[in-house]
Undergrad: 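Here it is, the structure, as structure tokens.
Start at 1 and go down the list; that is how both ligands and their atoms are numbered. Any value given below was found using the heavy atoms of this structure, including those in side chains, with hydrogens, waters and symmetry copies removed. Given the structure is predicted, the values throughout are model-derived calculations rather than measurements.
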Amino acid sequence: MTKTGFIFDLDGVIVDTAKYHFLAWRNLANELGFEFTEEQNELFKGVSRKRCLEILLDIGKVEANQEQFDRWMVEKNIDYLQYIEKMNASEILPDVPRVLEFLKEKQIPIALGSASKNARPILEKVQLLHYFDFIVDGNNVTKAKPDPEVFLIAAKKLSVHPENCVVFEDAVAGIQAANAAKMLSIGIGDSTILSEAEYNFKDFTEMDTRFLEQLINR
Ligand code: B16
Ligand code: MG
């Protein structure tokens with residue numbers, strides 16, 4: 001049997017940190033004198049911090065020089081980390097531990113493939129870090145999703161051929177990145193938004209053991 005590797009996105013798949021990103025971006029927008037809505041925050045899912053700030057400044061029609069841009073990136077992150085600091089295991093999305101535990105029991109290699117530069121502290125806070133054999137995050141990539149780089153690095157670390165990797169993602173750019181890497185993409189969330197995924201689930205509670213076994217043995 002060919003070895004299968006599993007790659008999990010973080011925000012929107014394992015935990016819902018989007019709500020904290022939203023609060024921190026909204027604080028910055030308000031400080032700069034404009035509103036930022038939850039709908040607009042949808043555009044930020046799976047997108048790098050730098051790109052998020054570019055979009056935010058476009059929304060507010062704010063011009064920035066490099067020094068201001070860099071300062072606002074730092075400011076937003078400091079604010080965001082204050083929310084992260086208070087996170088605990090109760091914020092893990094439904095049935096994520098069941099799936100991780102199942103894969104661990106089967107000795108399947110697991111990696112994280114996230115755009116976030118805060119992935120490690122978040123996994124530590126929610127006490128899931130020990131499940132991951134490798135963490136590939138915003139600190140390791142030069143190209144953001146939908147570029148497949150993050151998932152291809154994860155496959156290499158897992159020593160699994162990309163075609164034998166399964167990716168769980170909640171963002172359109174993430175599904176596109178997984179498809180571009182020729183991996184099996186599984187959308188977690190709204191199937192109409194994630195229509196490019198090979199399979200769709202609202203969340204992990206919908207994914208039974210038989211399906212996971214099929215993924216391992218395919
Ligand atoms: P940070 P994911 C992404 O995480 C978030 O969805 C996105 O909203 C955020 O801007 C990005 O991480 C960068 O996060 O500011 O912590 O480096 O979905 O790829 O796990
Ligand atoms: Mg995500």
Undergrad: Is it the side chain (CB and beyond), the backbone, both or neither of Cys52 that lies under 4.0 Å from ligand 1, heavy atoms counted?
TA: side chain

Undergrad: Just distances here: any N/O of Ser116 and N/O of ligand 1 closer than 3.5 Å?
TA: yes

Undergrad: Just give me the atom name: the N, O or S atom of Asp11 closest to the Mg ion (ligand 2).
TA: O

Undergrad: Applying a heavy-atom cut-off of 4.0 Å, say which part of Val47 lies close to ligand 1: side chain, backbone, both or neither.
TA: backbone

Undergrad: Is a donor on one side and an acceptor on the other found under 3.5 Å between the side chain of Asp16 and the backbone of Gly12?
TA: no

Undergrad: Look at Lys125 together with Glu91 and state whether they make a salt bridge at an N to O cut-off of under 4.0 Å.
TA: no

Undergrad: For Lys145, take its heavy atoms, then give the atoms of ligand 1 lying under 4.0 Å from any of them.
TA: 19 (O)

Undergrad: Report whether Met183 and Ile135 are members of the same hydrophobic cluster (ILVMFWY, side-chain heavy atoms less than 4.5 Å apart, transitive linking).
TA: no

Undergrad: Please report which non-hydrogen protein atom sits nearest to atom 2 (P) of ligand 1, along with the residue it belongs to and the distance in Å to one decimal place.
TA: Asp9 OD1, 3.0 Å

Undergrad: Ala171 near ligand 1, heavy-atom distance under 4.0 Å?
TA: no

Undergrad: So, of the N/O/S atoms that Asp9 has, which is the nearest one to the Mg ion (ligand 2)?
TA: OD2

Undergrad: Apply side chain to side chain donor-acceptor pair (under 3.5 Å) to the pair His21 and Lys76, showing each step before the final yes or no.
TA: CA-CA 9 Å; His21 282 296; Lys76 182 269 172 179; 2.8 Å; yes

Undergrad: Quick check: Arg49 and ligand 1, any N/O pair under 3.5 Å apart?
TA: yes

Undergrad: In ligand 1, which numbered atoms sit nearer than 4.0 Å to a non-hydrogen atom of Phe44?
TA: 7 (C), 8 (O)

Undergrad: Does this structure show an ion pair linking Asp9 with Lys145, if we count only N-O contacts that are shorter than 4.0 Å?
TA: yes

Undergrad: Taking 4.0 angstrom as the limit and counting only heavy atoms of Leu10, give me the atoms of ligand 1 inside it, by number and element.
TA: 20 (O)

Undergrad: When only distance counts, is Asp11 in polar contact with ligand 1, meaning an N/O pair under 3.5 Å?
TA: yes

Undergrad: Is it the side chain, the backbone, both or neither of Lys45 that has a heavy atom closer than 4.0 Å to ligand 1?
TA: backbone

Undergrad: Charged N to carboxylate O below 4.0 Å: is that the case for Glu124 and Arg120?
TA: no

Undergrad: Test your reading of the structure: does Lys117 have an N or O sitting under 3.5 Å from an N or O of ligand 1?
TA: yes

Undergrad: Tell me whether Glu169 reaches ligand 1 (any heavy atom closer than 4.0 angstrom to a ligand atom).
TA: no

Undergrad: Starting from atom 3 (C) of ligand 1, locate the nearest protein heavy atom and write down its residue, its atom name and how far away it is, to 0.1 Å.
TA: Ala115 CB, 3.9 Å

Undergrad: Run the side-chain donor-acceptor check on residues 106-118: report pairs under 3.5 Å with partners two or more places apart or on a different chain.
TA:
| from | atom 1 | to | atom 2 | distance (Å) |
| --- | --- | --- | --- | --- |
| Ser114 | OG | Ser116 | N | 2.9 |
| Ser116 | OG | Asn118 | N | 2.8 |
| Asn118 | ND2 | Asn77 | OD1 | 3.0 |

Undergrad: Should the pair Tyr83 and Tyr20 be assigned to parallel (<30°), tilted (30 to 60°) or perpendicular (>60°) ring geometry?
TA: parallel

Undergrad: Could you identify the single nearest non-hydrogen protein atom to atom 6 (O) of ligand 1 and state the distance to 0.1 Å?
TA: Gly46 N, 2.7 Å

Undergrad: Are any of the side-chain nitrogens in Asp133 or Lys104 under 4.0 Å away from the carboxylate oxygens of its partner?
TA: yes

Undergrad: Check ligand 1 against Asn118 and write out every atom of the ligand that is under 4.0 Å from a heavy-atom position of the residue.
TA: 1 (P), 16 (O)

Undergrad: Is the backbone N or O of Arg98 less than 3.5 Å from a side-chain atom of Asp95, with the two atoms forming a donor-acceptor pair by type?
TA: no

Undergrad: May I have the step-by-step check of salt bridge (charged side-chain N to carboxylate O under 4.0 Å, His left out) for Glu38 and Lys19, ending in yes or no?
TA: CA-CA 9 Å; Glu38 276 192 79; Lys19 60 186 180 212; over 6 Å; no

Undergrad: Does the ring centre of Phe204 sit less than 6.0 Å away from the ring centre of Phe168?
TA: yes

Undergrad: Please report the C-alpha distance between Met73 and Lys50 in whole Å, then the side-chain angles of each, then the deciding distance to 0.1 Å, and finally whether the side-chain contact (heavy atoms from CB on, under 4.5 Å) criterion is met.
TA: CA-CA 7 Å; Met73 289 257 285; Lys50 180 169 173 282; 4.1 Å; yes

Undergrad: Could you tell me, atom by atom, which parts of ligand 1 come under 4.0 Å of a heavy atom of Ser114?
TA: 2 (P), 4 (O), 19 (O), 20 (O)

Undergrad: Hey, which atoms in ligand 1 end up nearer than 4.0 Å to a heavy atom of His21?
TA: 1 (P), 8 (O), 9 (C), 14 (O), 15 (O), 16 (O)

Undergrad: Which N, O or S atom name in Asp170 marks its closest approach to the Mg ion (ligand 2)?
TA: OD1

